[in-house]
Amino acid sequence: MYSLNINTQQYNNYNTVKPVKTTGVVSRNINSNSSTSFTSNPIMTQIPYNKALTASNLRTELSSKDEKNKYSELLSIVDKDSKKQLNVLLKTGVLLNSDSNDNSTVLDNLYKMATTPRAQGLNNISMLKDTIATLQDPHIITQQFGNIPQQYQNQVASLEKDKANEVNVEHSGTCVASSIEFNLADKHPAEFARFAEGLSSPNMSVQKTIRMNNLADNTLDAIWLLNAFEIPYKAKDFDKADLTFAPDKNAIVRAHIQTVDKDNLERSPLDVLMQSTFMQVGSQQSYDTLTDKRAGKFNQNDKGLIEFEKTFTESVVEDKNKISVTYQTVDENARLVGYETDFNTMKKQITDALNMGENVIIGYTQVDANNTIVNGHEITITGTKTDKNGKMIFICNDTDDNESKPIEYSEDYLLPKIHHAALPQAVVTDDVNLVENWVEGLKTYKDLKRQAQIKQAA
């Protein structure tokens, strides 16, 4: 789920031909506690094009003694299903992929996960099995919370005190975080494995070096963003920064419960740790995994992340300059009144990104009979195909549909519902008026602060 913060001046042009707002554009605040999915026709699971796995250094055979020993030890530890999945990862080039922040391979991190201690409450074999399965098929990632079993009720109540009645989460607000988790597993398997190992380790954290110019053109503006989001970091040589990613303090409770009491279609402990971490990043370190609530300075809603927060999180997790392009025109009453561009331009920008080997995380809206937005949800477009009538079909992943497989939406159905899309800067440079992330962030902060002052004065 994402929320929409109303800013009437942002949508005063009904018939704009091209998008006029991009990086970090603020979403609108809608009061909804669900993220309902649309119905669709499922297709068979397929391995999408992945630029990282089609490079000239793609390796599908173990070459060194160290690699062979690590692989043999993993095979001796895991069950029959995981053995088969490991073999698939090897044959498809995933297992030896080293496109991670520290150049470690998927194999390196799986081996470390299997042979070194995990955080208290987690299990080596369980974490290893979940990580292998997710890398082999990222579509199993889900945002569905599990229940709190009776034997853990007192522990949770002692942690939450006056919020104990809020821990039985029926509708998760982690669609942004789970979509980022899916994209990391699908397009950056070595980095996903590195995150999985670090977040489940006793330190429960991951260090990552990012380039400042993927946040802002000016280093001081990038530092403003890092400070604003309160993510622990250390500036490095003016053009890089070392960031620390970690889940909130209550994530281990949920992760342990899912380790010992996971039901079908619920989140794995790995999902819990990943989604908590990305919610922490986006919510300015204010997320609580037990209640699925957040605070933070950029959002008046206590569920989900707004578009600006989503863009920042995507940018630092992938270390890429992500541009969030807004397509829908929404008035001050959260009513959909038009579009910032035509559907052909929208379709071209999305397909251009796909052709570059990128997935596209989009936010779509649902409206009532009066065209008022009643809900927002994030899904990931992973590919396209053409139907018999020449219409484009978008192949998507939805972490909230209880389906561990891709789903399909026709262009006529999906395009009118897309509120925003995260795209590589190269795709939209000629089509949009770029507004830097820090500019939108500062504007959002000032707007919300002013609204709070007005409300307090009243």
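Note that the numbering runs from 1 along the sequence shown for the chain.
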*Under the side-chain hydrogen bond (donor to acceptor under 3.5 Å, both in side chains) criterion, do Asn183 and Glu318 qualify, and how do the steps go?*
CA-CA 9 Å; Asn183 192 57; Glu318 290 193 61; 2.9 Å; yes
_Under the criterion side-chain hydrogen bond (donor to acceptor under 3.5 Å, both in side chains), I'd like the reasoning laid out for Asn359 against Asp186: C-alpha separation, chi angles, the key distance, then a yes or no._
CA-CA 9 Å; Asn359 288 332; Asp186 188 45; 2.8 Å; yes
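By the neighbour-count criterion of 12 heavy atoms within 6.0 Å, atom NZ of Lys83 is densely surrounded, having more than that number from other residues, nucleotides or ligands.
Not one N or O on the side chain of Gln136 forms a donor-acceptor pair closer than 3.5 Å with the backbone of Ala133.
In this structure, Arg335 has no salt bridge (charged side-chain N to carboxylate O under 4.0 Å, His left out) partners at least two apart in sequence or on a different chain.
Contact record, Pro416 with Leu336: O-CD2, 4.5 Å, taken as the closest heavy-atom pair. Between Lys303 and Gly173 the shortest heavy-atom distance is NZ-N, 3.9 Å. Met212 approaches Ile223 most closely through the heavy-atom pair CE-CG1, 3.9 Å.
Inter-residue side-chain proximity for Asn147 and Asp261 is flagged as met; some heavy-atom pair is nearer than 4.5 Å. Looking only at side-chain heavy atoms (C-beta outward), Gln366 and His377 stay at 4.5 Å or farther from each other. Here the side chains of Gln207 and Asp242 are not in contact, with every heavy-atom distance at 4.5 Å or above.
There is a side-chain donor-acceptor pair under 3.5 Å between Asp102 and Ser104. Thr174 and Gln275 share a side-chain donor-acceptor pair at under 3.5 Å. Neither side chain, Asn109 nor Glu197, offers a donor N or O lying under 3.5 Å from an acceptor on the other. Residues Thr289 and Asp248 bring a donor and an acceptor atom of their side chains to less than 3.5 Å of each other.
A distance of 5.5 Å separates CD of Gln284 from CZ of Phe229, quoted to the nearest 0.5 Å.
In this structure, Lys417 satisfies the cation-pi test against Tyr413, with its NZ or CZ atom closer than 6.0 Å to the six-membered ring centre and inside 45 degrees of the ring normal.
With Phe182 as the partner, the side-chain contact (heavy atoms from CB on, under 4.5 Å) test is satisfied by one option alone out of Thr382, Ile361, Ile140: Thr382.
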